[in-house]
Amino acid sequence: MAKITIAGNSYVVTSEISMEDLETVKKFRPSALALVDPETKEALFKVGVGGSSLSDYGVSFGGISNDENKLATATLPIPADVENAKEYVLDKAGLAIASLNRIEENILEALSEIQAERSAITENIEVIV
């Protein structure tokens, strides 16, 4: 589950997924990075990697946490005139975080599948010198 931390005039969205794992899923299962309407097949929310941004339609992670987990982070500004930062973040990021939490389940499942496939393939690679 994603976490939000408010520090000064910024808030940081921290995914439970590492940046390295997001890059792996992006490469091998990009469809796992989107919530799709089952009827219209339209993407409702997407997860990306690049610069930090967040909206009701997606989040892009542009940084990593400073611990050994190297979790994907997005650092976003809080306007200086905001009196209640917690309410601001809830209004600005609440829907996106709910969607992100749903997608993170799909990402973890896809990551597990990717790792199993790569492990099976690795066992069948023979190197002759």
Side-chain angles (χ1 to χ4, degrees):
M1 179 173 271
K3 180 177 110 175
I4 299 174
T5 306
I6 296 173
N9 286 343
S10 297
Y11 65 102
V12 180
V13 176
T14 304
S15 174
E16 71 175 301
I17 315 291
S18 72
M19 184 65 85
E20 181 180 353
D21 287 346
L22 276 181
E23 292 282 3
T24 298
V25 173
K26 179 182 173 186
K27 182 176 182 178
F28 296 106
R29 289 280 196 302
S31 62
L33 298 176
L35 285 179
V36 178
D37 183 296
E39 293 177 18
T40 65
K41 306 296 183 211
E42 179 182 342
L44 303 173
F45 189 86
K46 289 185 173 185
V47 173
V49 176
S52 294
S53 66
L54 180 118
S55 75
D56 291 347
Y57 305 103
V59 61
S60 179
F61 291 103
I64 57 172
S65 62
N66 290 317
D67 59 11
E68 67 279 354
N69 298 321
K70 304 297 182 198
L71 301 176
T73 64
T75 303
L76 303 147
I78 298 173
D81 62 343
V82 169
E83 291 183 21
N84 186 333
K86 197 171 188 176
E87 277 300 311
Y88 173 84
V89 170
L90 183 60
D91 288 345
K92 200 76 165 156
L95 180 60
I97 297 303
S99 296
L100 175 59
N101 288 337
R102 289 176 38 210
I103 278 187
E104 283 185 341
E105 292 174 23
N106 297 342
I107 293 170
L108 290 171
E109 190 175 305
L111 190 58
S112 179
E113 292 171 3
I114 292 165
Q115 290 168 340
E117 288 171 359
R118 291 178 61 82
S119 179
I121 292 168
T122 300
E123 289 177 16
N124 291 311
I125 296 175
E126 181 180 353
V127 178
I128 300 173
V129 262

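As the structure is a prediction and not an experimental result, all values here were calculated from the model.
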Q. Restricting to pairs with a member in residues 59-69, which pass side-chain hydrogen bond (donor to acceptor under 3.5 Å, both in side chains), not counting sequence neighbours?
A.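 Listed by first then second residue: Ser65-Asp67.
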
Please report, to 0.1 Å, the donor-acceptor pairs under 3.5 Å made by any side chain of residues 73-88, with sequence neighbours excluded.
from  : atom 1 : to    : atom 2 : distance (Å)
Thr73 : OG1    : Gly63 : O      : 3.2
Thr73 : OG1    : Ile64 : N      : 3.3
Asn84 : OD1    : Lys86 : N      : 3.2
Asn84 : OD1    : Glu87 : N      : 3.1

Q.
Donor-acceptor pair, distance only, cut-off 3.5 Å: does the side chain of Glu104 make one with the backbone of Glu16?
A.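 Yes; judged by distance alone, with no hydrogens or angles, the pair exists.
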
Q) Which heavy atom of Ala110 sits nearest a heavy atom of Val25, and at what distance? A)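 Closest heavy-atom pair between Ala110 and Val25: CB-CG1, 4.4 Å.
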
Q: Identify the two heavy atoms, one from Ala72 and one from Leu22, that lie closest to each other, and give their separation to 0.1 Å.
A: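 Here Ala72 and Leu22 meet closest at CB-CD1, 3.5 Å.
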
Q) Between CE of Met1 and CG of Asn101, what distance do you get to the nearest 0.5 Å? A)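 Answer rounded to 0.5 Å: 4.5 Å.
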
Q. From Leu111 CG over to Ser18 OG, what is the distance, rounded to the nearest 0.5 angstrom?
A.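 If I round to the nearest 0.5 Å, the distance is 7.5 Å.
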
Would [X] and [Y] show up in the same hydrophobic cluster when neighbours are defined by side-chain heavy atoms closer than 4.5 Å?
X     : Y     : answer
Leu95 : Val12 : no
Ile6  : Phe61 : yes
Met19 : Leu71 : no
Val47 : Ile17 : yes

Q: For Ala93, check side-chain contact (heavy atoms from CB on, under 4.5 Å) against everything at least two apart and list the hits.
A: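 side-chain contact (heavy atoms from CB on, under 4.5 Å) list for Ala93, sorted by chain: Ile4, Tyr11, Leu54, Val89, Ile97.
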
Q. Looking at side-chain heavy atoms only, is the closest gap between Val49 and Leu33 below 4.5 Å?
A.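 Side-chain contact under 4.5 Å: no.
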
(Q) Are the side chains of Leu100 and Val13 in contact, using a 4.5 Å heavy-atom criterion? (A)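 In contact.
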
(Q) Once salt bridge (charged side-chain N to carboxylate O under 4.0 Å, His left out) is applied, what residue pairs with a partner in residues 19-34 remain, sequence neighbours excluded? (A)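 The answer is Arg29-Glu113, Arg29-Glu117.
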
**Q.** Pairs meeting criterion salt bridge (charged side-chain N to carboxylate O under 4.0 Å, His left out) with involvement of residues 37-58, two or more places apart
**A.**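 Residue pairs passing salt bridge (charged side-chain N to carboxylate O under 4.0 Å, His left out), neighbours aside: none found.
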
In residues 118-129, what donor-acceptor pairs under 3.5 Å come from side-chain atoms, sequence neighbours left out?
from   : atom 1 : to     : atom 2 : distance (Å)
Thr122 : OG1    : Arg118 : O      : 2.7
Asn124 : ND2    : Ala120 : O      : 3.1

